[in-house]
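Keep in mind that the numbers below use all heavy atoms, side chains included, and drop hydrogens, waters and symmetry copies.
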Amino acid sequence: MLFTYNNSVAQQLVIDVQEQDSTSIWQLAKHDFKYTLKGVGHSFTRPLHWKSKDFEKLGLFVAGTAALSLADEPIRDFALNNKDDFPTPLRDFGWYFGSPQNYFMANAGLYAFGIFTKNEKVRKTSVLIISSSITTGLIQTVSKAAIGRARPGSGYDNYTFKPFSGEAAFRSFPSGHTILSVTMAHSIAKQFKNPWVKAGIYTVGAIPPISRIIDDAHWVTDIAFSAIVSIVVVDSIDKFLNDENAYNTPKREKQISWNIKFSSNQIGLVGTF
């Protein structure tokens, strides 16, 4: 009888713990969902609070992208001439990793790990990724249609545009694969202090953009513009989450300065640690 009683009590304790865990996970999920929506809303409303210096930065960004377009054709020629030297597995990885369905499955797995282990750092990282991805994804979807830039493999040059044509050949700018891969890489890299770990994460994140140039699907300006948009959006939402004290995670100062470099012998996106 004593054994039966203790067994019943143990079973009830297990049920109580399971219900408590279930409620806790549900509350965490609601919290994360709320801040995902708030993060998206914050990023889209930030331009309403811009000051003159912010518009100056935007002007320089656009001007820099236009100047970088002078390198579109030379870099395309270089990529095509060396296409056979670029490892096929890396090209395949770049395409699959930057594809929306695979990208969101990877983040779903990351979030599932964070929510079920109640790891706040992982949950915050996943919320940062998904809220930034929604923002940048909407930006690139609208921009692709509205700008209608010809892809390099279409037979047209890099200054040919056909807005709202609906044709796949005129959906080059910006690069969706780049936006997604850089968004995830930058969101994850921000969680680490070690510069070598950061460099490794950014290296993996750079594979999809490079592979898109190798595959003759995008111009270098598509890639550069997309990467910078992703970095700006991630930094903005990360700062918002920190300012809101949404997660009890260490606040890190911005550790990398990103700039587009273009000159007679240097073109690219440079991160300074």
If I take atom [atom1] from residue [X] and atom [atom2] from residue [Y], how far apart are they, to the nearest 0.5 angstrom?
X    : Y    : atom1 : atom2 : result
R212 : H218 : CZ    : NE2   : 4.5 Å
I237 : H42  : CD1   : NE2   : 7.5 Å
S211 : Y96  : OG    : OH    : 12.0 Å

Find out if a path of hydrophobic residues (ILVMFWY) with successive side-chain heavy-atom gaps under 4.5 Å connects [X] to [Y].
X    : Y    : value
M184 : F113 : yes
I129 : L180 : yes
I210 : I201 : yes

side-chain hydrogen bond (donor to acceptor under 3.5 Å, both in side chains) evaluation trace for T135 with S43: CA-CA 7 Å; T135 302; S43 59; 2.8 Å; yes
Exceeds 12 heavy-atom contacts within 6.0 angstrom, atom [atom1] of [X]:
X    : atom1 : result
F44  : CZ    : yes
K83  : NZ    : yes
D84  : CG    : no
F104 : CZ    : yes
F33  : CZ    : no

Check [X] against [Y] and note the closest heavy-atom contact, atom names and distance.
X    : Y    : answer
F192 : K198 : O-CE, 2.7 Å
Y111 : A29  : OH-CA, 3.5 Å
P209 : V182 : CG-CG2, 4.4 Å
A217 : S172 : O-OG, 3.9 Å
V122 : L110 : CG1-O, 3.4 Å
V220 : D72  : CG1-OD1, 3.1 Å

Backbone N or O of [Y] within a donor-acceptor pair of the [X] side chain at under 3.5 Å?
X    : Y    : answer
T36  : D32  : yes
S143 : Q140 : no
S154 : A150 : no
N81  : D77  : yes
T178 : S226 : no

Is [Y] paired with [X] through a side-chain N to carboxylate O contact shorter than 4.0 Å?
X    : Y    : result
D243 : K239 : yes
D54  : R46  : no
D157 : R76  : no

From CA spacing to verdict: side-chain hydrogen bond (donor to acceptor under 3.5 Å, both in side chains), S131, Y35: CA-CA 8 Å; S131 55; Y35 276 100; over 6 Å; no
Pairwise side-chain contact, F170 with R149, heavy-atom cut-off 4.5 Å (strictly under):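 F170 does not reach R149 side chain to side chain.
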Side chain proximity check, S24 to K118, heavy atoms < 4.5 angstrom: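 Contact flag for S24/K118 side chains = yes.
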Donor on one side chain, acceptor on other, N242 and Y247, under 3.5 Å: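 Result is no, nothing qualifies.
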Distance-only donor-acceptor check, side chains D222 and S175, under 3.5 Å: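 S175 and D222 do not have a side-chain donor-acceptor pair below 3.5 Å.
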Stepwise ring pair (Phe, Tyr, Trp, His ring centres under 6.0 Å) check, F173 with F161: CA-CA 10 Å; F173 186 91; F161 299 89; 7.9 Å; no
